[in-house]
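Okay, so here's the structure we're looking at.
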Protein chains: 2
Amino acid sequence: MADEPWEPPRILLAVDLVILTLRDDRLHVLLVERGIEPYQGTFALPGGFLRDEHEAIDAAARRELAEEAGLADVHLEMLGVYGEPGRDPRGRVVSVAYLAVAPRLPEPVAGTDAADAHWIPVDEVLSGRLELAFDHRRIVEDGVERARAKLEHTALATAFCGETFTIAELQRVYEAVWGVRIDPRNFYRKVKSTRGFVVPAGPMRRNANGRPARLYRAGPVRVLYPPMVRAGQAEEGQRS
Amino acid sequence: MADEPWEPPRILLAVDLVILTLRDDRLHVLLVERGIEPYQGTFALPGGFLRDEHEAIDAAARRELAEEAGLADVHLEMLGVYGEPGRDPRGRVVSVAYLAVAPRLPEPVAGTDAADAHWIPVDEVLSGRLELAFDHRRIVEDGVERARAKLEHTALATAFCGETFTIAELQRVYEAVWGVRIDPRNFYRKVKSTRGFVVPAGPMRRNANGRPARLYRAGPVRVLYPPMVRAGQAEEGQRS
DNA sequence: CCAATAGTGTCTATCAGACAATATCCC
DNA sequence: GGGATATTGTCTGATAGACACTATTGG
């Protein structure tokens, strides 16, 4: 009510990255072992503060993605804001979390700034077997849940695959992220009947065993219609 | 590369609110006419800076909701972060946007701190007929889109209704937010077959004309299964 | 009775899920 | 051929959308 010259508080802004990929048909997240306090020696999400006053937030996210993971040109979207007072012992830090989805990578991130980066199965984090710094476990949970949800009605699954991929590879993405088994024949028909999801690309891919598979690349469509429904959420016992 | 004592930049953190409601079967958003520069006299979203270093971000959102709209106990969820350098001429301001959904209100927000608040049809904003301050038009677009999407697979629609409501009222929510017409008979069957969406409440509601309607209240379920699908996104001309 | 809104029943094209059958590779 | 994977086809139960019909009010 008074007219004192009030000044709004200034806070520190950070970005944190939930980078997901598939390795061995399991969903993994990129974590770095912290080299400094606080939480020294603990695993944490890659990230960092804004470089300066004029850096855009998503530019900072892309910069960290390159610096800490050596990645560029991957799917990147904002996940949310995590700014509880007390989440960082160094002071009031508000973190903007991003979700990144990368295709299978050649190797566990070598030769980058952060040689302490490791791909960790998300189960290790979600189950609580692996402790993370700050509120990063919560952020990983939110990121995985976002990925699961977006698989249903967007073409996000193609971001887990390389430039070209087979329908079976796409299916393994859904199976790994959702943690379910899918009938390959129905999946095949479903994907191909969702127009714009995938488009034919080039020749075949030979397998160790079995018939070669056609290759596809991501189609023009971002929103899937009809969506890829994740079954089994219905409570049992529907009766008339 | 040098080891200068680098200090991360400190920025100003604001919250902005996209408050939606239904009036006259049309979707409206709450806007305030700015009393000070910049953008004096222009409509803007209600919002403001963090009060102090220790205020949680969602607490700030609830505070602004009360101060500027006189609202409490409404649906509130984070929408996103808007922090482009240059979006605010006063300096580097990062804004956390929230989406709020309120039931039909008694009157156009009277007696509150911000008597300059008005309910504006979202069409006025989305069509560009009404100019908004900062990047607030973009934020409104994102908020409306979020609401449209969440109507499909969550019980968000009930947040537009009062404590109790009829199926027809719920239908008008879907029609107004999606901008479509829905067959009342199919809608009725759909809502009642989605278990946990609504539960019977109390007696009937008499209408000016016609048979009285049963009253319902929001059910325990937040995620709808099966979802309320928004039809017509399919490209026409499905051919085998 | 009439107008208007609430609620139920029915029909049909479509679709998801189960699963048989065929195709094409490597050995 | 045999093992393995890819792709197509078929069947069936559930469902969305169209729409006829009944129910219950006020006037």
Side-chain angles (χ1 to χ4, degrees), chain A residues 25 151-153 161 164-172 174-175 178 180-195 197-216 224-240, chain B residues 25 151-153 161 164-172 174-175 178 180-195 197-216 224-240:
Chain A
D25 292 343
L151 243 48
E152 286 198 84
H153 48 268
C161 300
T164 63
F165 49 87
T166 69
I167 303 284
E169 283 173 344
L170 196 64
Q171 176 183 342
R172 283 194 281 274
Y174 278 89
E175 290 183 329
W178 283 351
V180 299
R181 300 282 289 174
I182 302 175
D183 183 297
R185 299 161 294 187
N186 292 334
F187 183 83
Y188 198 96
R189 182 162 34 84
K190 188 76 203 301
V191 168
K192 294 198 45 176
S193 70
T194 300
R195 306 220 282 186
F197 191 4
V198 299
V199 296
M204 300 277 169
R205 168 168 303 169
R206 355 257 326 165
N207 292 314
N209 295 357
R211 175 176 174 176
R214 291 182 219 161
L215 285 174
Y216 295 86
L224 301 183
Y225 190 87
M228 307 287 295
V229 280
R230 195 168 12 162
Q233 300 180 16
E235 306 300 295
E236 286 304 326
Q238 295 277 47
R239 202 76 37 200
S240 107
Chain B
D25 293 343
L151 244 48
E152 286 198 84
H153 47 269
C161 301
T164 63
F165 49 86
T166 69
I167 303 285
E169 283 173 344
L170 196 62
Q171 177 183 341
R172 282 194 282 273
Y174 278 89
E175 290 183 329
W178 283 351
V180 299
R181 300 281 289 174
I182 303 175
D183 183 296
R185 300 160 294 188
N186 292 334
F187 184 82
Y188 198 98
R189 181 162 36 82
K190 189 75 205 301
V191 168
K192 294 199 44 176
S193 72
T194 299
R195 306 220 282 184
F197 191 4
V198 299
V199 296
M204 300 277 168
R205 168 170 303 171
R206 352 245 344 156
N207 292 312
N209 294 359
R211 174 176 174 173
R214 291 181 218 163
L215 284 174
Y216 295 86
L224 301 184
Y225 191 87
M228 307 286 296
V229 280
R230 192 168 16 162
Q233 299 180 18
E235 306 301 297
E236 285 305 326
Q238 297 275 47
R239 203 73 39 199
S240 109

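Throughout, protein chains are lettered first and strands after them, A, B, ... in sequence-line order, and every chain is numbered starting at 1. In what follows, every heavy atom counts, from backbone to side chain, and hydrogens, waters and symmetry copies are set aside.
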Quiz item: For the atom pair CD (Q171(B)) and CZ (R181(B)), what is the distance rounded to the nearest 0.5 Å?
Solution: 8.0 Å

Self-check item: Contacts of R185(A) that satisfy side chain to side chain donor-acceptor pair (under 3.5 Å) - sequence neighbours left out
Solution: D183(A)

Quiz item: Between L170(A) and C161(A), what is the shortest heavy-atom contact and its length?
Solution: CD1-SG, 4.1 Å

Quiz item: In whole angstroms, how far is the C1' atom of dA16(D) from the CZ atom of R230(B)?
Solution: 17 Å

Exercise. Not counting sequence neighbours, which residues clear side-chain contact (heavy atoms from CB on, under 4.5 Å) with R214(A)? List them please.
Key: Y188(A), K192(A), M204(A), Y216(A)

Exercise. Identify, with sequence neighbours excluded, every residue that meets side chain to side chain donor-acceptor pair (under 3.5 Å) alongside N209(A).
Key: none

Measure all distances between protein nitrogen or oxygen atoms and nitrogen or oxygen atoms of nucleotides 1-5 of chain D, and list the pairs falling under 3.5 Å.
unit_1, atom_1, unit_2, atom_2, d
dT5(D), O2, R211(A), N, 3.4

Quiz item: Heavy atoms under 4.0 Å, any strand shown: does R189(B) hit a base, just sugar-phosphate, or nothing?
Solution: base

Quiz item: For K190(B) and dG7(C), what is the distance between atoms NZ and C1' respectively, to the nearest whole Å?
Solution: 18 Å

Quiz item: For the side chain of R185(A) and the base of dA21(C), is some donor closer than 3.5 Å to an acceptor across the two?
Solution: no

Quiz item: Looking at side-chain heavy atoms only, is the closest gap between F187(B) and M228(B) below 4.5 Å?
Solution: yes

Self-check item: Upstream residue (5' side of DNA chain C) when Y216(B) and D183(A) are each assigned their closest nucleotide
Solution: Y216(B)

Quiz item: Quick one: R181(A) CZ to dA18(C) P, roughly how many Å, whole number?
Solution: 13 Å

Quiz item: Separation of K192(B) atom NZ from dG9(C) atom P, in whole Å?
Solution: 10 Å

Quiz prompt | Nucleotide nearest P212(A) (side chain, heavy atoms from C-beta), chosen from dC25(C), dT8(C), dT8(D) | solution = dC25(C)

Exercise. Using a heavy-atom cut-off of under 4.0 Å over every strand shown, decide if R214(A) touches base, sugar-phosphate, or nothing.
Key: sugar-phosphate

Quiz item: Between atom CD1 in I182(B) and atom C1' in dA18(D), what is the gap in whole Å?
Solution: 15 Å

Exercise. Could you check how far CG of N186(A) sits from P of dA6(D), rounded to whole Å?
Key: 15 Å

Self-check item: Contacts of R189(B) that satisfy side chain to side chain donor-acceptor pair (under 3.5 Å) - sequence neighbours left out
Solution: N186(B)

Quiz prompt | Euclidean distance, atom CE of residue M204(B) to atom P of dA4(C) [Å, nearest integer] | solution = 22 Å

Self-check item: Gap between atoms CE and P, on M228(A) and dG17(C) respectively (whole Å)
Solution: 9 Å

